[in-house]
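Keep in mind that what you see is a predicted model, and the values were worked out from it rather than measured. Naming: A, B, ... by sequence-line order, numbering from 1 per chain. What's counted below: heavy atoms across the whole structure, side chains too, no hydrogens, waters or symmetry copies.
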Protein chains: 2
Amino acid sequence: MQFSSRFTIATHILLCIETFKDDYKVTSNLLAGSINTNPVIVRNILGLLSSAGIVEIKAGVGGASLSKSPNEITLLEIFKAVEKEESLFHFHENPNPQCPVGRTVHSVMDGKLDNIQSAMENEMAKITLKQLIEETKEQI
Amino acid sequence: MQFSSRFTIATHILLCIETFKDDYKVTSNLLAGSINTNPVIVRNILGLLSSAGIVEIKAGVGGASLSKSPNEITLLEIFKAVEKEESLFHFHENPNPQCPVGRTVHSVMDGKLDNIQSAMENEMAKITLKQLIEETKEQI
DNA sequence: GTAGTTGTAACCGTTTTTATTACAACAATA
DNA sequence: TATTGTTGTAATAAAAACGGTTACAACTAC
C-alpha cells in the first residue's frame, strides 16, 4: 500500500506557489497545468493545505500564497495536512483474548509500531520547503 | 492511507507458530482462531511468508513452522513479504515538462523520499521476532 | 479409503483514489 | 450593475485494494 499522491502533489503545489509568486497569479488552473491533473483535484488539496494553515487562498479573485515562511514548513506538516490517518499501521481489530498470543499481541507490538512511525516522521520533519525551493532554483 | 493489516497479521502468525510449536499443530484454523479472521486470509498470508522463505508449510498433513531462527527474522523482512510495493510514496505520474517546477520536481524530491523510506525501514530492521517472542513470554 | 489440511479460484461489499462535470458564491473591475 | 474569472463543493464514475466467504481439487498421514 502506498500513500496517495496527494502528498507529492501538495509539495508540488507549494513549490509552484513560491516559484511563481512574483510572476503569476497562482490559480488552481495554473497549478493543474504544472502537475498535469484536474483543477478540482488541486482545489481540494489546496483546501486541505489551507485548513492546516499552510496556505491562504483568495476567494473570488483567486490565487494562493504561503501563510508562513518556507523554512517553517516541513514535509511532515505537509504530509499530515493531506493524510488524515493517525496511525501508519492497520492493526487487525479483534485478536482473540482467550489466546495467550491474541491477548498480548497489542501490548507487545504497539510500542514498536510507534517507534517505526516516529522514525519516518522525524525524517520528514528534517526537510523544509525552503530546502526544496533552493534545490529547485539551482536546477532551473 | 494505512498499510494493510497483513503486516500485523503476519507478525501475529509468526508469534503463534513459535509460541505453540511444542503443543499444537499450527494450522490455518488454529491461527485464524487466535487472530479472529477467516482461515483463507491466514493461508494467503502464510503463502506470502512461505514464498519469502520465512516459514515452511506441510502440505496435506498441515501445520506451519519457521524456516529460520527468530533472531534472523526482522519486522522489515516480514513487512516486505506482505507489502509488494517498492516505494512508500505514489508520485503523481506526469508532471508537465514544460514547467520549470514540473520538470525538476522529481529530481528534487526523489532522494528525500528515499531517505524517509529508509528511516522507516531501518527502524523495522532493528526489531527481531526473537525480541517480540521474549516479550510475549514475559507477559503470558 | 477416510479425515484433515492446504492452495486457489470465484465471488461480494466496502472503501479509497483519481478524475470529471456542473454550478452556486464570491470579488474585482469595466 | 453586469461581466469575468475564480473558488468551493456536490455528484458521479471507474479502477483498485481490502477483508471476508464459499467451494473444491490436491495432498498426506493413518
**Q** Looking at B:His90, does any N or O in its side chain come under 4.0 Å of the phosphate oxygens OP1/OP2 on C:dT18?
**A**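 Checking B:His90 against C:dT18: at least one side-chain N or O falls below 4.0 Å of OP1 or OP2.
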
**Q** Among D:dT7, C:dT6, D:dT22, find the nucleotide with the atom closest to the side chain of B:Asn38.
**A** D:dT22

**Q** Quick check: on DNA chain C, is the nucleotide nearest B:Met1 upstream (toward 5') of the one nearest A:Ala59, or the reverse? Name the residue that is more 5'.
**A**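 Nearest-nucleotide comparison on DNA chain C picks B:Met1.
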
**Q** Distance check needed: C:dT16 C1' versus A:Ile45 CD1, whole Å only.
**A** 14 Å

**Q** Want to settle it: does B:Gln2 or A:Val26 sit nearer the 5' end of DNA chain D, counting the closest nucleotide to each?
**A** A:Val26

**Q** In terms of side-chain heavy atoms, does A:Ser5 have a donor or acceptor partner in B:His90 at a distance below 3.5 Å?
**A**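 On atom types as modelled, these side chains do not qualify, holding no pair under 3.5 Å.
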
**Q** Can you find a side chain N or O atom of B:Arg43 that sits less than 4.0 Å from OP1 or OP2 on C:dT8?
**A** no

**Q** What integer distance in Å separates A:Asn29:CG from D:dG8:C1'?
**A**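 So the two atoms are 14 Å apart, to the nearest Å.
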
**Q** Could you check how far NE2 of A:His92 sits from P of D:dG20, rounded to whole Å?
**A** 10 Å

**Q** Check whether any side-chain heavy atom of B:Phe7 lies under 4.5 Å from a side-chain heavy atom of B:Ile45, and answer yes or no.
**A** no

**Q** Does the side chain of B:Ser34 come under 3.5 Å of the side chain of B:His12 through a donor N or O and an acceptor N or O?
**A** yes

**Q** Nearest of C:dT5, D:dT7, D:dG19 to any side-chain atom of B:Arg6?
**A**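 Ranking C:dT5, D:dT7, D:dG19 by closest atom to the B:Arg6 side chain puts D:dG19 first.
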
**Q** Would you indicate which nucleotide in C:dT8, D:dT22, D:dG5 comes nearest to any side-chain atom of A:Lys25?
**A**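 Among C:dT8, D:dT22, D:dG5, the one nearest the side chain of A:Lys25 is D:dG5.
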
**Q** Choose from D:dT22, D:dG19, C:dT17 the nucleotide whose nearest atom is closest to any side-chain atom of A:Glu83.
**A**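 Taking heavy atoms from C-beta onward, the closest nucleotide is C:dT17.
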
**Q** How is A:Gly60 classified with respect to the nucleic acid when contacts are heavy atoms under 4.0 Å: base, sugar-phosphate, or nothing?
**A**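 Here A:Gly60 touches the bases of the nucleic acid.
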
**Q** In whole Å, what is the span from the CZ atom of B:Phe3 to the P atom of C:dT15?
**A**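 My rounded result for the distance is 22 Å.
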
**Q** Salt bridge or not for B:Lys137 and B:Glu134, using N-O below 4.0 Å?
**A** no

**Q** Go through C:dT21, C:dT6, D:dT7 for me and flag the one nearest to the A:Val40 side chain.
**A**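 It is C:dT21.
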
**Q** By the 4.0 Å heavy-atom rule, please label B:Gly47 as base, sugar-phosphate, or nothing.
**A** nothing

**Q** Give a yes/no on whether any side-chain N or O of A:Ser5 is located under 4.0 angstrom from OP1 or OP2 of C:dT18.
**A** yes

**Q** Output all residues satisfying side-chain hydrogen bond (donor to acceptor under 3.5 Å, both in side chains) with A:Lys25, sequence neighbours left out; order by chain, then residue number.
**A** none

**Q** For a quick check of understanding: with a heavy-atom distance under 4.0 Å over all strands, which category does A:Ile57 fall into, base, sugar-phosphate or nothing?
**A**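 Contact class for A:Ile57: sugar-phosphate only.
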
**Q** Which nucleotide, C:dT6, C:dT18, D:dT9, lies nearest any side-chain atom of A:Ile41?
**A** C:dT18

**Q** Assess the side chains of B:Ser107 and A:Gln139: does a donor N or O sit below 3.5 Å from an acceptor N or O?
**A** yes

**Q** Check whether any side-chain nitrogen or oxygen of A:Thr37 sits under 4.0 Å from OP1 or OP2 of C:dA19, and answer yes or no.
**A** yes

**Q** Nearest-Å distance, CD1 (B:Ile35) to P (D:dG19)?
**A** 12 Å

**Q** Can you check whether A:Ser4 has a side-chain N or O nearer than 4.0 Å to OP1 or OP2 of C:dT18?
**A** yes

